[in-house]
Amino acid sequence: MRPAAAHDAGFASRAVAADSAYGDQDGYRCGLADAGLPFVMALRPLHGTWARPDQAHTPVDAARVLTWSGPRNPGDWHAVIRTFRDGHTETWWAADATLGWWGPDGTTRLVVATADPATRTPYSTGDGRRTAAALRKTSRIRAR
């Protein structure tokens, strides 16, 4: 069921959450916005958008301009402790970024997440699902 149709049918939720298979679909995101539904979506790190030549064109580009001087002086980044199903934890890092009309000053926020802000490697662990999971957890934490 489409999220807008679910909403119209009386299903209640605080937000629609989706992975990058849906997050990269402009029409899907626009449909949610038009229906007035809040959403959290993962984007692929190289999801491109139109921008001026001197501006970021992908989430990776947006992350590159964020400041980072190490864990003791993280600059724009915020530590996020991830707990995995097996119980172990890892420190990941998340930050508000600007990409086109997305950003902390726009109507839609862009939060980038990585295990290593020093390299800003989009798939620091080789598993894009972990980056999406960190983004969803960060969004829940920051929304409180």
Side-chain angles (χ1 to χ4, degrees), residues 1-4 6-7 11-144:
M1 179 180 283
R2 290 182 355 258
H7 181 263
F11 290 94
S13 68
R14 290 180 54 192
V16 175
D19 63 15
S20 61
Y22 290 96
D24 282 348
Q25 302 298 319
D26 294 333
Y28 190 77
R29 286 192 318 274
C30 289
L32 293 172
D34 290 346
L37 298 172
F39 57 89
V40 176
M41 305 239 166
L43 294 175
R44 289 185 175 95
L46 299 178
H47 176 85
T49 189
W50 291 100
R52 295 183 182 136
D54 62 331
Q55 295 176 335
H57 291 86
T58 66
V60 171
D61 294 340
R64 285 188 183 122
V65 300
L66 300 170
T67 60
W68 170 261
S69 298
R72 290 186 178 198
N73 185 15
D76 295 318
W77 297 88
H78 303 273
V80 177
I81 307 301
R82 290 216 39 228
T83 302
F84 292 84
R85 289 182 187 167
D86 65 4
H88 87 278
T89 61
E90 293 180 9
T91 301
W92 279 54
W93 298 88
D96 278 307
T98 300
L99 177 64
W101 54 91
W102 300 333
D105 298 326
T107 58
T108 303
R109 290 178 59 194
L110 174 68
V111 178
V112 292
T114 182
D116 185 4
T119 62
R120 292 163 174 91
T121 305
Y123 298 113
S124 298
T125 63
D127 184 350
R129 291 172 295 177
R130 292 176 71 172
T131 301
L135 174 61
R136 286 190 298 271
K137 182 174 181 177
T138 300
S139 297
R140 285 194 307 269
I141 292 167
R142 302 279 308 254
R144 291 183 185 165

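Residue numbers count from 1 along this sequence.
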### Task
Would you check if the side chain of N73 reaches a backbone N or O of G70 as a donor-acceptor pair within less than 3.5 Å?
no
## Note on the structure
V112 and A63 have their tightest heavy-atom pair at CG2-CB, 4.1 Å
### Straight-line distance of W68 CH2 to D116 CG, nearest 0.5 Å
8.0 Å
### Task
Looking only at non-hydrogen atoms, find the nearest pair between T98 and A62 and report the distance.
O-CB, 3.4 Å
### Summary
Output for pair (W92 CH2, T114 OG1), nearest 0.5 Å, gives 6.5 Å
#### Entry: Note, D96 side chain near V111 side chain (heavy atom, < 4.5 Å)
yes
### Message
Using 0.5 Å steps for rounding, measure from the OG1 atom of T67 to the CH2 atom of W77.
### Response
9.5 Å
#### Entry: P71 vs W93 side-chain heavy atoms within contact, under 4.5 Å
yes
